[in-house]
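Just below is one structure, and these are the notes that go with it.
We name chains A, B, ... by the order of the sequence lines, and we start the count at 1 in each one.
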Amino acid sequence: MAADTTNILIVGVGGQGTLLASRVLAQAAVAQGHDVKVSEIHGMAQRGGSVVSQVRYGPKIFSPIIKRGDADVIMAFEKLEAARYLPFLKKGGLMVINTDRIDPLPVMSGEVGYPERLEEKIAQVVPKTITLDATGIAAGCGTSRAANIVLVGLVGRALGFPLDLLEEAVRALVPKKVVDINIKALNAGWNYMDNNLISMVRD
Amino acid sequence: MKSLMIGNMAIARGAYEAGVTVATAYPGTPSTEIVENISRFEGVYAEWSPNEKVALEVGFGASLGGARTLVAMKHVGVNVAADPLYTLSYTGVNGGLVLVSADDPGMHSSQNEQDNRGYGRFAKLLVIEPSDSQEALDFTREAFELSEKYDTPVMLRVTTRLCHSQSLVQPGERLNRPLKEYKKNEAKYVMLPGFARLRHVEVEKRMASLREYVEESPLNRIEWGDRSIGIITSGIAYQYVKEVMPEVSVLKLGTVNPLPEKLIRSFADQVKKLYVVEELEPVIEEQLKAWGIEVTGKSVLPRIGEYSPELLEELLLGVPAPSGYQLGESIPARPPLLCPGCPHRGVFYVLKRKRLTVTGDIGCYTLGALKPLGAMDTTLCMGASIGTALGMEKARGPKSARKTVAVIGDSTFVHSGITPLIDTVYNRGNTTVMILDNGTTAMTGHQDHPATGRTITEEETARLDLEALVRAIGVKRVRKVDPLRIGELEKALDEELSQDGPSVILACRPCALIDKSPKPSLYIDEDKCKGCKICIKLGCTGVYWVQEDRKARINPDLCQGCGLCIEVCKFDAVLERGAN
């Protein structure tokens with residue numbers, strides 16, 4: 001794997017907007033002149049199942065899918081999904097966890113419990129872990145549905161994308177009616193990534 | 001300027017640029033977005049056909065009529081279209097005809113993982129396979145040229161990873177191409193035995209010319225590198241090979257049927273150790289072996305499931321997959337499930353409670369087979385539910401029909417449920433059929449169909465009246481119910497199952513994802529909730545179990561207010577906000 005390739009794994013639950021998040025980051029990477037590939041999930045898994053989108057960019061990209069242990073960043077829209085895809089994170093990679101909890105069927109039905117303190121346990125093994133209530137932040141911007149764009153703002157800054165490129169990508173990809181809310185959400189995520197966090201990530 | 005496109009969009013763009021004026025399809029993951037995207041271009045007629053066989057027959061007519069025509073379907077759709085396809089190989093085309101077969105290795109959203117390259121050999125078609133979105137566009141354009149030049153339908157074979165991966169594409173201009181003239185030619189287009197025998201000779205001649213063409217085709221290329229290892233590959237597997245073994249020599253095949261034998265022999269002669277890397281069946285490998293070429297393939301690589309870079313690293317290079325970070329904790333699975341508010345939920349809740357044998361079909365409602373509903377006995381293919389129920393009855397006697405229900409969606413019923421219902425009436429079956437009419441083709445992303453009364457471009461059209469259709473077939477007992485009203489549903493089932501003769505119950509309610517009608521906001525009164533978990537057993541993400549309190553709660557972000565939990569709660573604990 002080329003060292004100059006960046007791999008982003010976006011994981012969540014069908015319906016959370018992982019597809020849009022991957023498309024915004026991919027669009028921004030194209031605008032920076034990278035070769036880009038994105039792998040998406042359509043079909044049955046979108047019905048409330050565990051979903052994963054993958055974004056890869058760099059000078060030349062072959063595979064659209066990321067190997068285990070090779071993701072530079074995992075953007076998890078839900079805690080359990082962060083834990084599920086943890087083995088895909090590269091040593092020293094960045095784990096971003098939205099503190100949303102969506103119970104999967106075995107938990108809803110009381111068959112098994114939802115694992116306790118997942119984000120803490122992940123932070124214990126992954127030095128670069130950022131945990132935030134992106135859904136709450138998005139709700140503050142106008143709709144909890146923009147949690148995906150909050151996370152894009154945060155990860156976009158961590159990866160060194162200029163804010164205006166991300167904004168441009170958001171404008172191009174979200175429906176006109178909700179552009180303003182999403183730009184707000186993007187900025188909220190961007191601002192969440194303060195200097196302390198930036199130095200932690202770039203360490 | 002280059003832009004990102006999923007493979008399916010690139011195929012649509014390629015067809016548009018090739019001058020396609022007719023495109024047909026039945027929706028099916030991973031093929032759906034191809035004709036969906038084509039329908040948005042000016043100057044192209046696109047349709048959702050009732051099924052893939054009809055789609056290909058319309059495609060045949062359009063091709064004879066002189067249009068360049070694209071027909072798209074998922075791999076199992078080609079089985080439905082196989083009848084016209086084999087003989088289309090004999091008639092050949094007038095305007096170029098390209099059939100896109102979107103295969104699903106790994107079965108992301110399918111009932112099997114058949115390898116449709118096999119159709120190429122069996123039906124004697126030129127089969128080409130792109131490896132990224134740019135090639136998807138370029139190969140689609142080229143496919144139309146080849147179809148007309150060699151007078152053959154061309155199969156463009158793609159897989160889920162290509163269909164649903166985005167990569168950069170440089171779009172081109174649309175070819176300005178006049179409609180070809182239609183000339184009557186019964187010897188070519190009327191496949192009576194006498195004519196067909198002559199056409200078979202033409203098919204074999206065409207295969208001979210295609211074998212010559214593929215030797216020189218720009219769709220195949222050798223990328224020389226280290227000659228100690230040579231890899232023959234195609235499709236998405238090519239990308240995985242380049243990812244993990246950038247230094248080896250690669251013969252990248254764009255034409256996978258027929259194979260370029262001379263090119264392959266020459267490549268094989270110039271490398272020390274030869275591999276074939278192909279997902280699913282050893283289609284290429286077996287032909288090489290028949291030619292006496294020493295090659296390694298399925299002895300080290302699986303014929304089951306999807307490939308990946310890490311799989312090739314492990315099996316070809318002996319590099320074990322990295323373990324990555326580990327949490328040392330078991331993570332509960334998250335299977336797909338029916339959406340909150342889904343009208344199918346009520347149906348499966350009742351079917352489970354009645355302990356009926358349920359022959360199922362293909363659609364979102366196949367999820368009714370999973371826990372906690374778990375109310376489905378069979379799912380085979382599109383339309384199979386009704387014939388399966390009839391067969392069970394014929395094997396086990398008419399009494400068994402009183403314990404058996406066939407369940408089929410509206411789009412699936414139109415696709416291929418009508419003929420087995422005719423069979424049921426004709427051969428004196430007693431099956432009770434439930435048509436789950438949610439007014440859309442939901443699983444593939446809400447496409448219209450004949451019974452929605454709208455076309456692919458959302459124009460109003462004649463609406464197929466399912467009730468009138470069923471009556472016209474000869475079913476005497478037909479009734480409509482609301483699938484979220486449990487009592488109504490139970491009564492209907494009890495009555496229909498106890499009657500002789502076939503019955504049809506139309507369970508009508510729009511898919512929760514498209515139903516825009518206002519819904520109440522629900523909550524659970526914690527004093528009234530006795531913790532019986534009956535609402536939890538509905539398997540709805542809108543309601544969840546709180547272990548500490550031993551009570552159920554409603555998640556207002558997810559709840560759609562369908563009220564099914566009100567129906568099942570024996571303690572009247574589920575209430576509407578704002579209602580007294």
Study note, to complete from the structure: Given B:A333, B:C163, B:A321, the one with more heavy-atom pairs under 4.5 angstrom with chain A than any other is B:A333
Exercise for review: Go through B:E329, B:E33, B:Q547, B:K2 and name the one with the most non-hydrogen pairs under 4.5 angstrom from chain A.
Suggested key: B:E329
Toward chain A, the part of [X] with a non-hydrogen atom under 4.5 Å:
| X | answer |
| --- | --- |
| B:T541 | both |
| B:Q326 | both |
| B:I331 | both |
| B:K537 | neither |
| B:V543 | backbone |
| B:I6 | side chain |
| B:K533 | side chain |
| B:D132 | side chain |
| B:L4 | side chain |
| B:P30 | neither |
| B:L311 | neither |

Review point. Looking at A:V38, A:T18, A:V52, which one forms a side chain to side chain contact (heavy atoms under 4.5 Å, CB included) with A:I10?
Key: A:T18
Practice item. For A:R56 and A:T6, test the side chains for any donor-to-acceptor distance below 3.5 angstrom and give the result as yes or no. Key: no
Check your understanding: With a 3.5 Å cut-off and no angle check, do the side chains of A:E78 and A:Q16 form a donor-acceptor pair?
Key -> no
Revision key, fill the gap. Filtered by a 4.5 Å non-hydrogen cutoff, the part of residues 154-170 of chain A contacting chain B is none
**Study point:** chain B-proximal positions within residues 118-150 of chain A [heavy-atom distance under 4.5 Å]
**Key:** A:L118, A:K121, A:I122, A:V125, A:V126, A:P127
**Study point:** Donor-acceptor pair, side chain of A:R84 and main chain of B:P332, under 3.5 angstrom
**Key:** yes
Review point. Is there a donor-acceptor pair under 3.5 Å between the side chain of B:R553 and the backbone N or O of B:V546?
Key: no
Practice item. Quick one: sort the A:Y85 and A:F88 rings into parallel, tilted or perpendicular, breaks at 30° and 60°. Key: tilted
Check your understanding: Going by the angle between their ring planes, with limits at 30° and 60°, are A:H34 and A:Y57 parallel, tilted or perpendicular?
Key -> tilted
Exercise: identify the closest heavy-atom pair between [X] and [Y]:
| X | Y | answer |
| --- | --- | --- |
| A:D35 | A:P59 | CB-O, 3.5 Å |
| A:E81 | A:S50 | OE1-OG, 2.7 Å |
| B:R161 | A:S39 | NH1-OG, 2.7 Å |
| B:S131 | B:L162 | C-CD1, 3.3 Å |
| B:Y544 | A:M108 | CB-CG, 4.5 Å |
| A:Q54 | A:P64 | CB-O, 3.9 Å |

Quick check: are there more than 12 heavy atoms from other residues, nucleotides or ligands sitting under 6.0 Å from [atom1] of [X]?
| X | atom1 | result |
| --- | --- | --- |
| A:K91 | NZ | yes |
| B:K530 | NZ | yes |
| A:D180 | CG | no |

Study note, to complete from the structure: Heaviest contributor of heavy-atom pairs below 4.5 Å to chain B, chosen from A:V55, A:V36, A:D103, A:I61, is A:V36
